[in-house]
Amino acid sequence: MKIINILSLALCWLIVACSAKTETAQEAVATSEEMVSQAEFNADSAYRNVKTQVDFGPRVPGMEGHDKCAKYLVSELKRYGVDTVIEQKTTVTAFNGDKLPINNIMGQINKGAVTRVLLLAHWDTRPWADAEKDKSKHTTPILGANDGGSGVGVLLEIARCLQERKPMIGVDILFVDAEDYGNSGDNEDTWCLGTQYWIKNLPYSPSRKPQYGILLDMVGGKDAKFHREYVSQYVAPSIVDKVWTTAVASGYGDVFVNELGGSIVDDHVYVNQGGIPCIDIIETLNPQTMSFNPTWHTLDDNMSNIDRQSLKAVGQTVLNVIYNEQ
Ligand code: AHN
Ligand code: ZN
């Protein structure tokens, strides 16, 4: 009797399970396209990576925090077992005449692989909180938890995952400097000075360039949504498709919105000029500002406004894109 009861209970479960599985054709497709992550991106680790950077203070070229952070980035990449770390040190001149000691730092995974993907984020932070309402704060450097810290924090966690489980392709993780020393009244070439230097001194032979690049910028905002950034959509729609489709398959379709977003002058513009198609994952349609996150270039860009879920959605998606390549 007991056995029959258990059997009938099991049968009921089976029927429920089966009927749940055969809802609509569309859901069936969604289910079959679901992605099993090959490595688990740890949001707490990513968050800690952001905090470590913020604890150095502002990472403005020339400041102490910048120096300390460069050493940290190099040692973390080495700790995660990358094949080589390339440091590209130079001095560039900012729009206001300031001489900036900069360092573009790149770790290469599967150095010999011909098929490669470039993942990048800027690691410097803005010397001015010039989006503050109170003008007296405009000359204070920001902590850049989101703007600077978040992209790097995610990429370091990706480096850790890629050591745990090797990808089939080569991956270059690049931290570019002096993105954020630009003239706020000027959309042109005063921004992204590190990347502008990098493309003029590409550390690749022409046949060994990465097939494409993904830039992460301001990926840690509270409840962040990522729309298809306009320049990315224009220059590399198939890569945008790939990343946004992977996000849906990974369960982050609520974070990666399949709609066109704002148009941003950011490091990806210059990477594209360097002959590597590159997209930007960036919050451009925040509901409060209809642009960047409200903390952008303010003193509120600190750890209290970093969202682990946003780091996770971006990190796991990009990681799954990498594991899907061969
Ligand atoms: C401009 O405002 C022209 N570009 C913004 C790019 C940026 C600044 N990303 C982070 N901080
Ligand atoms: Zn900025």
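On a predicted model such as this, the values are computed, not experimentally measured, just so you know. Whatever order the structure lists ligands and atoms in, that order sets their numbers, starting from 1. Counting begins at 1 with the first residue of the sequence.
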- Is ligand 1 less than 4.0 angstrom away from at least one heavy atom of Arg126? no
- Item | Polar side chain donor-acceptor pair, His297 to Asp180, under 3.5 angstrom | yes
- Message: Can you name the atoms of ligand 1, numbered from 1 with element, that are less than 4.0 Å from a heavy atom of Met218?
- Response: 9 (N), 10 (C)
- When you look for heavy atoms under 4.0 Å from ligand 1, do you find them on the side chain of Ile282, its backbone, both, or neither? neither
- Query: Does Glu325 come within less than 4.0 Å of Lys242, counting only side-chain N to carboxylate O?
  - Reply: yes
- Query: For atom 6 (C) of ligand 1, which protein heavy atom lies nearest, and how many Å away is it?
  - Reply: Glu179 OE2, 3.2 Å
- Would you check whether Trp191 has a nitrogen or oxygen atom less than 3.5 angstrom from a nitrogen or oxygen atom of ligand 1? no
- Message: Give me the residue, atom name and distance of the protein heavy atom closest to atom 10 (C) of ligand 1.
- Response: Asp147 OD1, 3.1 Å
- Task: Measure the acute angle between the ring planes of Phe256 and Phe226, then classify it against the limits of 30° and 60° as parallel, tilted or perpendicular.
- Result: tilted
- Task: Check the hydrophobic clustering (I, L, V, M, F, W, Y; side-chain heavy atoms under 4.5 Å; chains of links allowed) and say if Ile264 and Val176 are grouped together.
- Result: no
- Item | Opening angle at the Zn ion (ligand 2) [OD2, Asp147; NE2, His297; to 10 degrees] | 100°
- Give the C-alpha distance, both sets of side-chain angles, the deciding distance and a yes or no for side-chain contact (heavy atoms from CB on, under 4.5 Å) between Tyr323 and Arg165. CA-CA 9 Å; Tyr323 283 125; Arg165 192 185 172 110; 3.5 Å; yes
- Note on the structure: CD1 (Ile109) and CG (Leu162) are apart, to the nearest 0.5 Å, by 4.5 Å
- Evaluate the ring planes of Trp128 and Tyr181, with Trp represented by its six-membered ring, and classify them as parallel (under 30°), tilted (30 to 60°) or perpendicular (over 60°). perpendicular
- Check the pair Arg116, Asp172 against salt bridge (charged side-chain N to carboxylate O under 4.0 Å, His left out), reporting the backbone distance first and the verdict last. CA-CA 7 Å; Arg116 328 193 50 77; Asp172 295 330; 2.7 Å; yes
- Message: So, 2.8 Å as the limit: is an N/O/S atom of Asp180 located closer than that to the Zn ion (ligand 2)?
- Response: yes
- Do any nitrogen or oxygen atoms of Val265 come within less than 3.5 Å of a nitrogen or oxygen of ligand 1? yes
- Note on the structure: Near Trp296 (heavy-atom distance under 4.0 Å), the atoms of ligand 1 are 8 (C), 11 (N)
- Note on the structure: For atom 3 (C) of ligand 1, the closest protein heavy atom turns out to be Asn187 OD1, 2.9 Å
- For Tyr234, look at atom OH and say whether over 12 heavy atoms of other residues, nucleotides or ligands are found less than 6.0 Å away. no
- Short N or O distance, Asp180 and ligand 1, threshold 3.5 Å exclusive: yes
- Query: So is there a nitrogen or oxygen of Asp217 less than 3.5 Å from a nitrogen or oxygen in ligand 1?
  - Reply: yes
